[in-house]
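Fair warning: this is a prediction, and the values are worked out from it, not measured in the lab. Proteins get letters first, then strands, A, B, ... in listed order; numbering begins at 1 in each.
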Number of protein chains: 2
Amino acid sequence: MSRTTIADVAREAGVTKATVSHAMSGKRPISDDTRAKVLAAAERLNWVPSQSARSLATQTANAIAVVLARDPEVIANDSFFPAFIAGVESVLAETETALILQVVPDRAAEERTYRALSHGRADGALLLDLRTDDWRVPLLEELGLPAVLVGAYEQPTRFSCVRTDDAEPVREIIAHLRAQGHERIAHVSGPLEYVHSRVRADAYTDAVGTDALLREGDFTAASGRARTAELLELADRPTAVLYSNDTMAIAGLSYARSNGLSIPRDLAIAGFDDDHLSAHLSPALTSVSSGPAARGRAAARLLQADILGSDPRTEVVDCNVVHFRESTSTTTSSQSTTTSSQSTSTSTGTSTSTESTTR
Amino acid sequence: MSRTTIADVAREAGVTKATVSHAMSGKRPISDDTRAKVLAAAERLNWVPSQSARSLATQTANAIAVVLARDPEVIANDSFFPAFIAGVESVLAETETALILQVVPDRAAEERTYRALSHGRADGALLLDLRTDDWRVPLLEELGLPAVLVGAYEQPTRFSCVRTDDAEPVREIIAHLRAQGHERIAHVSGPLEYVHSRVRADAYTDAVGTDALLREGDFTAASGRARTAELLELADRPTAVLYSNDTMAIAGLSYARSNGLSIPRDLAIAGFDDDHLSAHLSPALTSVSSGPAARGRAAARLLQADILGSDPRTEVVDCNVVHFRESTSTTTSSQSTTTSSQSTSTSTGTSTSTESTTR
DNA sequence: GTGAAAGCGCTAACAG
DNA sequence: CTGTTAGCGCTTTCAC
C-alpha cells in the first residue's frame, strides 16, 4: 500500500528523480528518448505526483479557495452561489485546478484559514460578500495571496475586481413601478454591511428620495417574511416592494398572500438574482438576472492571470438584465419586457467591457 | 515576505521545533509552562502550520473531496447539490476541514484526480451519482482512500453508504395519481446508468406495470422539455408525468402549457428533490423532498468516522417526504397533503435509522 | 542532456 | 518532559 513515488518511476525508467521531474514539467531540455521512457514508466506505474510534496517544494497548490463566513444553510437557498461556483469550475476544469471551499464560523477562524491557505494550500482566493473597508483585503495583501474581489470595492487595492452595475437595474425597476402608479415603494435589502446590498439600497434611496421604507434583511426567507410583515403593518403601507434577492421576495410574497393581499394588484413584488425557477412562479417574479456564471468565469480567469503574474485589472461584467414579469404588472397577461430566454446559454454573449485599474 | 515557520516560533519561544509541534497537537505531554510560551510565540508571530508540509509528513490533508464528472452547468440548476454541500459543510466547519470540489471533463482526468487526491491532498472522498458497478469504488479501494457512497450501491464494498428509499415515494405518487383516475402515467427519468435514476424508474415500472411511457432524460431543463414533447405527441398521450427532478418537471410543465394544456386538469405533473421554490410555483409542484442537507451531514460524519478508523456502516437517512401539491390535484384548491412546513429546520428531526453493513 | 544533493516545513521516532 | 535526528516526495540549484 506504500504509494508509488517519483523514485519508483525513476528506477523503472532507469534515470534519476530530477530527470523524471523535468520530463514531466518540461522545465529543461530532455531528449525525446528519455522523455518517452519516463512517460511510459509513469503510465505503467500509474504514478501521479504528490501534490503536497510539490506544494512544499514550490509553494504552489494548484488550487484556489473560496472561504465563506456565512451559515451553510444560505448556500442551499441562495440562487447566486451555486451558479457562481459553476462558472468558476468551468474555468478551473480546463487546468484541473481544484476549488477549496471552506465554511468558517467566526472571524478568528476565517483569518486562520486564510493564513493556512497561503501556506501552500491555495494559490489564490476569491472574495465574495465584500464589506465596505473589508479587513480581508489588507490581510491577503499582507500574506501575498493573490485574490479577486467579486463585487464593488471602493478602497484602493492591488487586486483584480469583477464588478457589475447593480444600481442601474434598481433604478429601472423603480421607474417601472412608478410608471405603474406606485408611490410607496419599499425595499428589503440584504445586510447593509455588504457593499452590494449597500449599493442597491443606496440606488433605491436615491430613486425614491427617502429611506423611510427601507428595511434591512439578511437574505434568508425568514427575514423576507419578517420585514414584509413590518412593512404591511404601517399605516401607510407600501404598494410595492423590491427585495434584494428572490428568496426574500418569495417569502414576502407568500406572507402578503396569506394575509389576503393579491399580487400584483394589492402589492407589486420584485426580487434580485433571478433564481432559475422565478420565471415559473405564480405570479412570475420580476427579478434581475445577475449573470452569476459569467461572473464566476471572469473571476476565475482573473485569478489565474494574477497567479501567473499579470497585472491586476478591473473587469466590469455587465450582465444584469431586468426581467419584468407578472409580479409587477398591472396587466397580468404580459410576460417579461426584456427577452426572457436570456439564460445560461446566452449569458456568454453579454457585453463584457474591460478597463484597467488606475490605482 | 518569507513565511514564518515552525523554526521561527521555536526560536521565539526558546524551545525546539518538536516541542512546538507537540505543544500544538498535544500528542505528547508538555508542561503548562512551555505550552504557554509556545502558544504566545505562535500568536505573536501569527504562525499557522503549513498544511503542505504537514500533509507530506503525515499523509493527511485535513480536507475531503467531491469530484464531479458532470457539466458544471448542472450544479447551477440542480436543487440537490447545493443543499447537499451545505449539509457537508455544516459538519466540516466544526473541525475546520476543507472541502475540495473538482470538476473533471472525462474519465481519464477523473481517475488521475482521485490518484492525486489520495496522495495527501484529501483524506477521503464523497461519491455522488453512483452507477451500477461503479468503477470508482474499486479504484478508491485500491488507493486506500476512504470514501462514502451516497446513494444505493448494490455491490459488496468496504465503504460506508448513505442510502434513502427512493422507491417508496415513487409508489406513493403513482398511487395518488391512480386515485385521481389517471391511467396513463409517464415517467421522465434521469440517466439510467445512475443507480438513483434506475431505482426510481424501476419503482415506476413496477407500479404501473409497463415501461411503455418511460423516457430517459438527463436532469436538464432541455431534456425535460424534449421528453415531454415526445410524450405529448403520442396518440395515447399520458395524463400525468412524474419527473426525476424538479428542473425537468418545470420545463415539462412550461412546455405543456405553451401547447395549450392546463395543469393539472389536462396533465398532472410531479417532480423530485423539491427545489426550495417548488412550493411557490403555479401550480405548486408536487415533489419529493429528499433531505439533501441531512444526507450531506450524514455523509460527512460517516466519512470523518471512516478516516478516523471506524468500521464502515450503512446509514439509511430516510428523509424522503412527498409533498402533494396543486400540480397533481383535481381539486385545485387543496395544498399539500403532507405538512408543507417540513423544511430545513425540521429535516433534522426526520427518522434516521442505522444498520450495520453485513457484507 | 543528465546526475547528485540540498532543501521546502513539518512530524515522529529515538534518546536523554 | 524536552532535544536530536531523520525523513515525507518533490523541485531545483549545482556539477558533470
Side-chain angles (χ1 to χ4, degrees), chain A residues 1-39 41-42 45-63 115-121 123 143-144, chain B residues 1-39 41-42 45-63 115-121 123 143-144:
Chain A
M1 182 67 75
S2 72
R3 337 186 159 295
T4 102
T5 77
I6 198 173
D8 301 323
V9 177
R11 198 177 320 113
E12 175 87 8
V15 294
T16 63
K17 297 192 297 174
T19 305
V20 173
S21 175
H22 290 124
M24 302 304 289
S25 69
K27 288 202 177 176
R28 83 179 181 191
I30 293 275
S31 81
D32 289 355
D33 196 43
T34 51
R35 186 203 313 290
K37 274 195 306 192
V38 169
L39 292 180
L45 298 175
N46 270 324
W47 174 71
V48 185
S50 153
Q51 186 58 55
S52 43
R54 176 180 293 184
S55 291
L56 185 55
T58 62
Q59 312 284 12
T60 66
N62 230 290
R115 292 205 130 86
L117 288 171
S118 73
H119 286 356
R121 185 156 187 155
D123 300 322
L143 293 174
Chain B
M1 182 66 74
S2 73
R3 336 188 159 295
T4 103
T5 77
I6 197 173
D8 301 323
V9 178
R11 197 177 321 112
E12 174 87 8
V15 295
T16 63
K17 297 193 296 174
T19 306
V20 174
S21 175
H22 290 125
M24 303 302 290
S25 69
K27 289 204 176 175
R28 82 180 182 190
I30 294 274
S31 80
D32 289 354
D33 196 45
T34 51
R35 187 204 312 289
K37 275 195 305 192
V38 169
L39 292 180
L45 272 48
N46 271 324
W47 174 70
V48 185
S50 154
Q51 185 56 56
S52 43
R54 177 180 291 183
S55 290
L56 185 55
T58 62
Q59 312 284 13
T60 66
N62 230 291
R115 292 205 130 86
L117 288 171
S118 73
H119 285 358
R121 186 159 186 150
D123 300 323
L143 292 174

Response to the item:
With sequence neighbours left out, the residues meeting side chain to side chain donor-acceptor pair (under 3.5 Å) with B/Arg121 are A/Gln51
Worksheet, complete the sentence: Reading nucleotides 11-16 of chain D from 5' to 3' and marking B where a protein heavy atom lies under 4.0 Å of the base, S where only the sugar-phosphate is that close, and - otherwise, the string is SBBB--
Worksheet item: With B/Thr60, which residues qualify under side chain to side chain donor-acceptor pair (under 3.5 Å), at least two apart?
Response: B/Thr58
Practice prompt. Identify the heavy atoms of B/Ser52 and A/Ser55 that sit nearest to each other, and give their distance.
Written response: CB-CB, 3.4 Å
Worksheet item: So, is B/Gln59 close to the D/dG9 phosphate, meaning a side-chain N or O under 4.0 Å from OP1 or OP2?
Response: yes
Worksheet item: When the C1' atoms of the five terminal pairs at each end define the local axes, what inter-axis angle does the helix from C/dG1-D/dC16 to C/dG16-D/dC1 show, to 10 degrees?
Response: 40°
Fill in: Least distance between heavy atoms, A/Asn62 atom then A/Asp123 atom
N-OD2, 2.7 Å
Discussion item. So which atom in A/Ala23 and which in A/Arg35 form the shortest heavy-atom distance, rounded to 0.1 Å?
Written reply: O-NH1, 3.6 Å
Worksheet, complete the sentence: Within residues 31-39 of chain B, those residues having any heavy atom closer than 4.0 Å to DNA chain D are B/Ser31, B/Thr34
Worksheet item: For the atom pair OG (B/Ser21) and CD1 (B/Ile6), what is the distance rounded to the nearest 0.5 Å?
Response: 5.0 Å
Worksheet item: Atom CZ of B/Arg121 to atom C1' of D/dG9: distance rounded to whole Å?
Response: 15 Å
Discussion item. Could you work out, with side-chain contact (heavy atoms from CB on, under 4.5 Å) as the rule, every residue matching B/Ala42, not counting sequence neighbours?
Written reply: B/Val9, B/Trp47
Fill in: side-chain contact (heavy atoms from CB on, under 4.5 Å) partners for B/Thr5, two or more places apart
B/Ala7, B/Asp8
Worksheet entry | Side chain to side chain, A/Met24 and A/Leu39, heavy atoms closer than 4.5 Å | yes
Discussion item. With heavy atoms of chain B within less than 4.0 Å as the criterion, where does contact along DNA chain C begin and end?
Written reply: C/dG9 to C/dC14
Worksheet item: Which residues pass the side-chain contact (heavy atoms from CB on, under 4.5 Å) test with A/Ala116, sequence neighbours left out?
Response: B/Val48
Worksheet entry | All side-chain contact (heavy atoms from CB on, under 4.5 Å) counterparts of A/Thr34, not counting sequence neighbours | A/Ile30, A/Ser31, A/Lys37
Fill in: Residues in side chain to side chain donor-acceptor pair (under 3.5 Å) contact with B/Thr16, at least two apart in sequence or another chain
B/Thr19
Worksheet item: Quick one: side chain to side chain donor-acceptor pair (under 3.5 Å) partners of A/Ser118, sequence neighbours excluded?
Response: none
Practice prompt. Answer with base, sugar-phosphate or nothing: what part of the nucleic acid does B/Thr16 contact at a heavy-atom distance below 4.0 Å?
Written response: base
